[in-house]
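All remarks here apply to the structure that follows.
Every number for a ligand or one of its atoms is a count from 1 in the order of the listing. If you're wondering where the values come from, they're calculated on a predicted model, not measured in any experiment.
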Amino acid sequence: MNHRSIAIDGPSGAGKSTLAKKLAAALGFLYVDTGAIYRTLGLFALEQGAAPGEREAVLPLLPKVSIRMAYGEDGLQHMHLGEEDVTETIRRPEVSAAASEISAIPEVRAFLLEMQRDMARKNDVIMDGRDIGTVVLPQADVKIFLTATAEDRANRRYLELIERGNATDYQTVLADIIERDRRDSSRAAAPLCQAEDAIRVDTTGKTLEESFQLLLRIIQERFI
Ligand code: DC
């Protein structure tokens, strides 16, 4: 049976995961957060003492790593690295930077591709990332490119980190976002870019509910 798929791409902090989660619940789709997969591999590199940006240091780790995605009773995606549930740990800022660096390595992207496609073969998915509409699921039924100004995104990420109890300041978060944008967009392998057939949605100044309603309308129109 063919499953339906919705791709949501865009820079970090545009609201992809919050909105995708809410949309998945409303539509009865499975939410797949692909950034979490890169984060788990980034964490593994850090734990192994390998520089996540160095191809030679990272490639020998690939055959050794065990990454598993599981859905809890809460319906949320949990990431397991070996035996450990690392769902919370991978949200740390140093893991964000490691994920961004490791994701620029082409072999890493190829290594993680099948895991992502497999989820879409077996479920109706709403998948978020950077290259879902362009590389992972080029045949997705709906493609959204979600964006917002760097300042708006930094502000949201800052509030999120504070809420999680991470000590940080706004300027650091903004600088991190700008640096990650630069890295994610300028890499040679599957850079962050809008698919030709994606619908661009700018969430700057919109409340979560406004963005949610807008996306829901776009998606429902496609499926009717
Ligand atoms: O969405 P996120 O912030 O959790 O993603 C973490 C990093 O992983 C991000 O800086 C870029 C990378 N990534 C990617 O290259 N491709 C994806 N499909 C998802 C994330």
Side-chain angles (χ1 to χ4, degrees), residues 5-21 24 31-46 52-53 55 58 65 67 69 76-79 81 86-120 125-138 140 143-148 150 152-154 156-161 164 166 168 173-195 198 203:
S5 55
I6 301 165
I8 302 195
D9 291 303
S12 48
K16 294 189 302 292
S17 64
T18 312
L19 286 162
K21 227 178 271 174
Y31 166 54
V32 182
D33 168 7
T34 64
I37 309 174
Y38 287 94
R39 284 171 180 271
T40 305
L41 188 61
L43 175 63
F44 184 63
L46 293 179
R55 186 172 166 272
V58 168
V65 71
I67 297 177
M69 222 155 79
L76 296 180
Q77 174 182 330
H78 285 253
M79 296 306 301
L81 179 56
V86 294
T87 311
E88 282 299 316
T89 317
I90 58 171
R91 297 295 147 195
R92 292 189 189 145
E94 67 271 24
V95 182
S96 302
S100 178
E101 287 186 55
I102 214 162
S103 69
I105 301 172
E107 289 88 344
V108 163
R109 305 200 69 83
F111 178 74
L112 297 177
L113 187 60
E114 195 44 35
M115 187 174 184
Q116 299 169 68
R117 287 191 175 153
D118 194 50
M119 296 303 289
V125 293
I126 178 156
M127 193 176 278
D128 81 3
R130 303 294 188 287
D131 62 339
I132 309 305
T134 49
V135 176
V136 180
L137 304 175
K143 298 182 187 178
I144 310 275
F145 192 83
L146 203 66
T147 186
D152 218 63
R153 291 185 281 124
R156 282 181 217 163
R157 188 48 55 97
Y158 169 70
L159 296 175
E160 208 177 279
L161 286 168
R164 286 175 197 267
N166 289 306
T168 185
V173 177
L174 178 61
D176 279 358
I177 288 238
I178 291 171
E179 172 56 17
R180 263 213 293 159
D181 280 359
R182 191 198 57 73
R183 223 186 287 133
D184 294 347
S185 308
S186 63
R187 68 180 179 218
L192 167 66
C193 71
Q194 183 176 343
T203 63

For each nitrogen or oxygen atom of ligand 1, which protein N/O atoms lie closer than 3.5 Å, and how far apart are they, rounded to 0.1 Å?
unit_1	atom_1	unit_2	atom_2	d
ligand 1	1 (O)	Arg130	NH1	2.9
ligand 1	1 (O)	Arg130	NH2	3.4
ligand 1	3 (O)	Arg39	NH2	3.1
ligand 1	3 (O)	Arg130	NH2	3.2
ligand 1	3 (O)	Arg180	NH1	3.0
ligand 1	4 (O)	Arg39	NE	2.6
ligand 1	4 (O)	Arg39	NH2	3.3
ligand 1	10 (O)	Arg180	NH1	3.0
ligand 1	10 (O)	Asp184	OD1	3.4
ligand 1	10 (O)	Asp184	OD2	3.1
ligand 1	15 (O)	Ser103	OG	3.3
ligand 1	15 (O)	Arg109	NH1	2.8
ligand 1	15 (O)	Arg109	NH2	3.4
ligand 1	15 (O)	Arg187	NH1	2.9
ligand 1	15 (O)	Arg187	NH2	3.1
ligand 1	16 (N)	Arg109	NH2	3.0
ligand 1	18 (N)	Thr34	OG1	3.0
ligand 1	18 (N)	Arg130	N	3.2
ligand 1	18 (N)	Asp131	OD1	3.0

- Within residues 94-111 or reaching into it, pairs that qualify as salt bridge (charged side-chain N to carboxylate O under 4.0 Å, His left out) - sequence neighbours excluded: Arg55-Glu107, Arg109-Asp131

- Message: With a 3.5 Å distance limit and no angle check, can you tell me whether Gln77 reaches the backbone of Asp33 through a side-chain donor-acceptor pair?
- Response: yes

- Contacts of Arg164 that satisfy salt bridge (charged side-chain N to carboxylate O under 4.0 Å, His left out) - sequence neighbours left out: Glu88

- Task: Can you run down the side chain to side chain donor-acceptor pair (under 3.5 Å) pairs that involve residues 7-21, sequence neighbours left out, and say none if there aren't any?
- Result: none

- With distance as the sole criterion, is a donor-acceptor pair present between the side chains of Arg183 and Ser103 under 3.5 Å? no

- Message: Is it the case that the side chain of Thr147 and the backbone of Thr203 share a donor-acceptor pair, with hydrogens and angles ignored and the cut-off at 3.5 Å?
- Response: no

